Amino acid sequence: MVVDDKQTLSVVIPAYNEEKTIRGIVAAVQAVNLPGIGMEIIIVNDCSADGTSKIIDELAASNPNVRAVHHQINMGKGAALRTGFREATGDWVIVQDADMEYDPNEYRLLLEPILTDKADVVFGSRFLGAGAHRVVYYWHQMGNSFLTTLSNMFTNINLTDMETCYKLFRRDIIRQVAIEENRFGFEPEITAKVARLHCRIYEVGISYYGRTYEEGKKIGWRDGCRAIWCILKYNLFR
């Protein structure tokens, strides 16, 4: 496959209190081998209260392909992604959480449907992959399945993992979407809005190394309730 050497992948990393993992995830992203494709890494510090801010400034100062953006107040993952998407200059944009739950080596799997001009948007599904999956929370998986099914009923697309972190977009597509949700409601919102654009949406199987709450997992049952409202709001009332 021949790729124009000017093409670039923008990796947007929202970060809130991730001082234990942010260096590791940036190193993992930089180690990804994507022949013929450049990479920029945009880290959005969502007003972290630990050492995250200092670390990402150090990373930006020592790595020309890393940019640090800081929120002055904590607003949530959706707000951080809104900022990161606005800053992105690449041909494609991918969401990368700051923890170590998702493996950047799988960017190649996500890019393939776009590079072969089959897709405009690619979701990485934790439930299609044959790779390693950490066994963590049963009710999280049940909640995810419920939310994905509910979302599918309104969007009429057959995703298996609407709540996945790994979402890859052509930049011209994501620039058409005005993100309103500040927290984890971003996931059903962006799904509804790209479905409405009649994009070519693909899923690829990915591995998953989930964290426990003790290890820093942040999403909770309130976010699940908000996701239900967002599915209704962005599919029925927009």
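Numbering starts at 1 and runs along the sequence shown. Note that the coordinates shown come from a computational prediction; the quantities given were computed from them, not determined experimentally. All heavy atoms count here, side chains included; hydrogens, waters and symmetry mates do not.
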Q. Is a side-chain N or O of Thr164 found less than 3.5 angstrom from the main chain of Ser125, in a donor-acceptor match?
A. no
Q: Please report the closest heavy-atom contact between Asp46 and Gly76, naming both atoms and the distance.
A: OD2-N, 2.6 Å
Q. How far apart are the closest heavy atoms of Ser207 and Glu106, and which atoms are they?
A. OG-OE2, 2.9 Å
**Q.** Shortest non-hydrogen separation from Ala15 to Thr52 and the atoms involved
**A.** CB-CG2, 4.1 Å
Q: Go through the steps to decide whether Tyr102 and Tyr208 satisfy the test ring pair (Phe, Tyr, Trp, His ring centres under 6.0 Å), and finish with yes or no.
A: CA-CA 6 Å; Tyr102 294 81; Tyr208 180 62; 5.3 Å; yes
Q. Leu59 versus Arg23: any side-chain heavy-atom pair under 4.5 Å?
A. yes
Q. If you round to the nearest 0.5 Å, how far is CD1 of Ile174 from CH2 of Trp92?
A. 16.0 Å
**Q.** Any donor-acceptor N/O pair, Arg226 side chain to Arg183 backbone, under 3.5 Å
**A.** no
Q: Classify the ring geometry between Phe85 and Phe169 as parallel (under 30°), tilted (30 to 60°) or perpendicular (over 60°).
A: perpendicular
Q) Taking side chain as C-beta onward, heavy atoms only, is Ile231 less than 4.5 Å from Met162? A) yes
Q | Within-4.5 Å side-chain heavy-atom neighbours: Thr148 and Thr160 | A | no
(Q) Could you measure the distance from the CD1 atom of Ile94 to the SG atom of Cys165? Nearest 0.5 Å is fine. (A) 7.5 Å
Q) Is a donor on one side and an acceptor on the other found under 3.5 Å between the side chain of Asn17 and the backbone of Ala49? A) yes
Q.
As a quick check of understanding, evaluate side-chain contact (heavy atoms from CB on, under 4.5 Å) for Leu115 and Ile37, giving each step before the final call.
A. CA-CA 11 Å; Leu115 294 176; Ile37 299 176; 4.1 Å; yes
Q. Any chain of hydrophobic side-chain contacts (each under 4.5 Å) joining Val177 to Val12?
A. yes
Q: State the CD1-CD1 distance between Ile173 and Ile201, to the nearest 0.5 angstrom.
A: 9.5 Å
Q.
Side chains of Asn33 and Arg108: any donor to acceptor distance under 3.5 Å?
A. no
Q. Less than 4.0 Å between a side-chain N and a carboxylate O, is that true for Arg200 and Asp120?
A. yes
Q. Is a donor on one side and an acceptor on the other found under 3.5 Å between the side chain of Glu40 and the backbone of Thr89?
A. yes
Q: Identify whether the distance between the nearest side-chain nitrogen and carboxylate oxygen of Lys77 and Asp97 falls below 4.0 Å.
A: yes
Q. Within the side chain of Glu187, is there an N or O that forms a donor-acceptor pair under 3.5 Å with the backbone of Ala227?
A. no
Q. Between Glu181 and Lys193, is the closest basic N to carboxylate O distance under 4.0 Å?
A. no
Q) Please walk me through it: do Phe154 and Leu232 pass side-chain contact (heavy atoms from CB on, under 4.5 Å)? A) CA-CA 8 Å; Phe154 288 100; Leu232 299 175; 3.6 Å; yes
**Q.** Over all atoms of both residues, closest heavy-atom pair of Ile206 and Gly124
**A.** CD1-O, 3.5 Å
Q: Kindly determine whether Glu19 and Ser48 satisfy side-chain contact (heavy atoms from CB on, under 4.5 Å), including the steps that lead there.
A: CA-CA 9 Å; Glu19 64 179 2; Ser48 296; over 6 Å; no
Q. Is there a side-chain contact between Glu112 and Val122 (heavy atoms, below 4.5 Å)?
A. no
Q. Mind checking whether Gln141 and Phe127 have side chains closer than 4.5 Å, heavy atoms only?
A. yes
Q | Smallest separation among heavy atoms of Val32 and Pro104, with atom names | A | CG2-O, 3.4 Å
Q | Heavy-atom side-chain contact between Leu159 and Ser151 under 4.5 Å | A | no
Q) Shortest non-hydrogen contact from Thr155 to Ala195? A) CB-CB, 3.9 Å
Q.
I'd like to know whether Ile228 forms a side-chain contact (heavy atoms from CB on, under 4.5 Å) with Phe146, so could you lay out the CA-CA distance, the side-chain angles of the two residues, the decisive distance to 0.1 Å, and finally the verdict.
A. CA-CA 10 Å; Ile228 294 172; Phe146 169 75; 3.8 Å; yes
Q: To the nearest 0.5 angstrom, please state how far the OH atom of Tyr107 sits from the CG atom of Asp103.
A: 9.0 Å
(Q) Tell me whether the count of non-hydrogen atoms from other residues, nucleotides or ligands lying under 6.0 Å of CG in Asp172 goes above 12. (A) yes
Q. Do the charged groups of Arg126 and Glu163 touch, with an N to O distance under 4.0 Å?
A. no
Q.
Under 4.5 Å between side-chain heavy atoms, counting indirect links through other Ile/Leu/Val/Met/Phe/Trp/Tyr residues: same cluster for Ile73 and Ile56 or not?
A. no
Q. For Asn158 and Asn152, does a side-chain donor sit closer than 3.5 Å to a side-chain acceptor?
A. no
Q) Is it true that a side-chain atom of Gln7 and a backbone atom of Asp91 form a donor plus acceptor pair closer than 3.5 Å? A) no
Q: Could you state whether Ile157 and Leu147 fall into the same hydrophobic cluster, counting links through intermediate Ile, Leu, Val, Met, Phe, Trp or Tyr residues with side-chain heavy atoms under 4.5 angstrom apart?
A: yes
Q | Separation between CG of Leu168 and CG of Leu9, rounded to the nearest 0.5 Å | A | 6.5 Å
Q. Is there a donor-acceptor pair closer than 3.5 Å between any side-chain N or O of Arg175 and the backbone N or O of Arg86?
A. yes
Q. Between OH of Tyr16 and NE2 of His71, what distance do you get to the nearest 0.5 Å?
A. 13.5 Å
Q) Would Met75 end up clustered with Leu81 when hydrophobic side chains under 4.5 Å apart are linked, directly or stepwise? A) no
Q. Do any N or O atoms from the side chain of Gln96 and from the backbone of Val29 form a donor-acceptor pair under 3.5 angstrom?
A. no
